[in-house]
Amino acid sequence: MYKPTSRTMLYEEVINQILDLIKKGLWKPGEKIPTEMELAQSFEVSRNSMREALKVLEHLKIIQSKAGKGTYLLENSIQNIQALELASVMREANSLDQLMDTRLIIEPELTYRAAAQASLDELNNLEKLLKDSIEAVATNTYFPSLGFSFHMEIAKISRNTLLYKFLESITLELMAQRKLLVLSHLSKKDLLKEIEEHRFIFEAIKQNNPEEAKKRMYVHIQNAKKFLPVKE
């Protein structure tokens with residue numbers, strides 16, 4: 001069940017082994033786990049290394065220490081592990097193309113739904129974002145968050161909270177990868193072309209034309225993918 005760790009990065013190896021035990025179902029959510037001393041003996045590491053590993057797992061909301069009772073695996077530990085793994089995949093150096101491809105799968109459908117049900121207030125919000133973007137480019141104050149806001153407003157109009165939050169995490173990760181940030185490499189001409197594509201999407205939504213809106217969003221993201229850094 002337990003494997004002795006190597007002498008390097010002991011607490012990280014312990015963490016990975018414990019996460020593996022949980023995923024395999026050998027530790028059950030809600031159950032009390034062995035004591036720090038018992039675990040240190042099982043993994044053949046010092047108590048200091050074991051203590052460090054347990055602190056990290058508690059910080060990651062995998063386990064919880066209860067005064068006078070011991071340490072327990074949280075009920076939602078599996079979901080938290082899956083969320084951590086997803087975040088790790090998104091931060092991999094080669095994930096940028098896949099993140100954009102995921103947007104290509106999700107966003108056109110969200111745009112379709114937005115075009116089918118956008119209210120007057122929501123249309124006004126989208127139009128304001130367009131105007132703000134044009135003004136920002138003209139005054140050299142454009143920042144990627146403006147384009148991000150336009151896309152997220154459309155996702156919000158789709159009324160699917162789950163996909164909205166998932167898309168938000170993807171787009172935030174794209175923006176976080178500063179050296180790979182697509183918009184930072186665009187000229188003013190490129191930015192205006194992108195905003196023009198936003199306008200086409202907006203017009204289709206305003207005209208209550210889901211199919212056209214979906215098509216326009218698909219083309220827009222395909223064009224954005226052309227600006228991805230070339231893989232070495």
Side-chain angles (χ1 to χ4, degrees), residues 76 79 82-83 86-87 90 95-178 180-228:
N76 59 346
Q79 294 92 321
Q82 291 170 339
L86 176 60
M90 288 199 298
S95 69
L96 187 60
D97 185 66
Q98 290 188 36
L99 287 172
M100 289 295 290
D101 194 52
T102 302
R103 288 184 61 196
L104 194 62
I105 295 168
I106 295 173
E107 285 199 65
E109 182 60 32
L110 293 181
T111 307
Y112 179 98
R113 297 186 179 201
Q117 59 194 3
S119 69
L120 181 58
D121 284 344
E122 290 167 336
L123 288 172
N124 289 336
N125 289 339
L126 277 176
E127 189 168 29
K128 183 179 185 305
L129 287 170
L130 271 177
K131 290 178 179 178
D132 290 346
S133 295
I134 293 171
E135 182 179 347
V137 171
T139 57
N140 295 315
T141 58
Y142 188 86
F143 195 74
S145 59
L146 278 171
F148 166 64
S149 296
F150 181 82
H151 284 263
M152 293 314 302
E153 184 66 23
I154 291 173
K156 186 187 296 183
I157 297 171
S158 76
R159 315 280 198 271
N160 188 309
T161 305
L162 180 60
L163 282 180
Y164 172 86
K165 296 303 294 184
F166 182 63
L167 180 61
E168 183 179 47
S169 68
I170 290 173
T171 311
L172 284 172
E173 182 58 35
L174 282 166
M175 292 177 66
Q177 296 184 35
R178 295 179 62 185
L180 300 176
L181 192 58
V182 175
L183 290 179
S184 66
H185 303 295
L186 301 183
S187 66
K188 181 176 287 190
K189 180 181 177 181
D190 292 327
L191 287 174
L192 288 172
K193 183 178 184 299
E194 178 160 302
I195 294 170
E196 182 71 359
E197 291 176 0
H198 281 184
R199 188 181 67 79
F200 289 145
I201 295 167
F202 167 72
E203 291 296 337
I205 295 173
K206 184 178 180 180
Q207 293 166 13
N208 193 225
N209 189 337
E211 287 293 348
E212 180 68 13
K214 180 177 181 176
K215 182 180 75 174
R216 290 290 187 177
M217 180 60 81
Y218 188 92
V219 170
H220 173 59
I221 297 174
Q222 280 280 39
N223 288 339
K225 287 185 69 176
K226 296 175 184 177
F227 290 95
L228 294 179

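Position 1 is the first residue of the sequence; numbering continues from there. Keep in mind it's a predicted model, so treat the numbers as computed, not measured.
By the side chain to side chain contact (heavy atoms under 4.5 Å, CB included) test, Ala213 pairs with Thr111, Ala115, Ala204, Ile205, sequence neighbours left out. Contacts of Tyr218 classified as ring pair (Phe, Tyr, Trp, His ring centres under 6.0 Å), with partners at least two apart in sequence or in another chain: none. Looking at residues two or more places apart in sequence or on another chain, you find a side chain to side chain contact (heavy atoms under 4.5 Å, CB included) between Asp121 and Ser119, Asn124. Evaluation of the side chain to side chain contact (heavy atoms under 4.5 Å, CB included) rule for Tyr112 yields Glu109, Pro210, Glu211, Lys214 as partners, not counting sequence neighbours. For Phe200, the side chain to side chain contact (heavy atoms under 4.5 Å, CB included) test picks out Glu196, Arg216, with sequence neighbours left out.
Judged by distance alone, the side chain of Asn76 and the main-chain N or O of Gln79 form no donor-acceptor pair under 3.5 Å. Judged purely by atom type and a 3.5 angstrom limit, Arg159 uses its side chain to pair as donor or acceptor with the backbone of Ile157.
Shortest non-hydrogen contact noted between Lys193 and Asn223 is NZ-ND2, 3.9 Å.
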Given Glu168 and Lys165, is the salt bridge (Lys or Arg N to Asp or Glu O under 4.0 Å) satisfied, shown in steps?
-> CA-CA 5 Å; Glu168 183 179 47; Lys165 296 303 294 184; 2.7 Å; yes
Verify side-chain contact (heavy atoms from CB on, under 4.5 Å) between His198 and Leu126, making sure each step is shown before the conclusion.
-> CA-CA 10 Å; His198 281 184; Leu126 277 176; over 6 Å; no
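Rounding to the nearest 0.5 Å gives a distance of 7.5 Å between CD1 of Ile201 and CD1 of Ile221. Annotation: the span from Ile170 atom CD1 to Arg103 atom CZ amounts to 8.5 Å, rounded to 0.5 Å. Here Asp190 contributes atom CG and Lys226 contributes atom NZ; the two are 11.5 Å apart, rounded to the nearest 0.5 Å. Atom CE of residue Met100 and atom OG1 of residue Thr102 lie 10.0 Å apart, to the nearest 0.5 angstrom. For the atom pair NZ of Lys156 and CG of Leu110, the computed distance is 13.5 Å after rounding to the nearest 0.5 Å. The CG atom of Leu104 sits 12.5 Å away from atom CG of Leu99, with the distance rounded to the nearest 0.5 Å.
Within the 4.5 Å cutoff, the side chain of Asn209 has no heavy atoms near those of the Glu203 side chain. Two residues are said to be in side-chain contact when any heavy atoms from C-beta on lie closer than 4.5 Å; Phe166 and Leu86 meet this criterion. With a 4.5 Å cut-off on side-chain heavy atoms, Ile195 and Phe150 do not count as touching.
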For residues 127-139, tabulate all N or O donor-acceptor pairs below 3.5 Å that involve a side-chain atom, not counting sequence neighbours.
| residue | atom | partner | partner atom | Å |
| --- | --- | --- | --- | --- |
| Lys128 | NZ | Asp132 | OD2 | 2.9 |
| Ser133 | OG | Leu129 | O | 2.9 |
| Thr139 | OG1 | Glu135 | O | 2.9 |
| Thr139 | OG1 | Ala136 | O | 3.3 |
| Thr139 | OG1 | Thr141 | OG1 | 2.9 |

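Other residues, nucleotides and ligands contribute at most 12 non-hydrogen atoms within 6.0 Å of the CZ atom of Arg113.
The aromatic rings of His151 and His220 sit parallel to each other, their planes meeting at less than 30°, with 60° as the upper class boundary.
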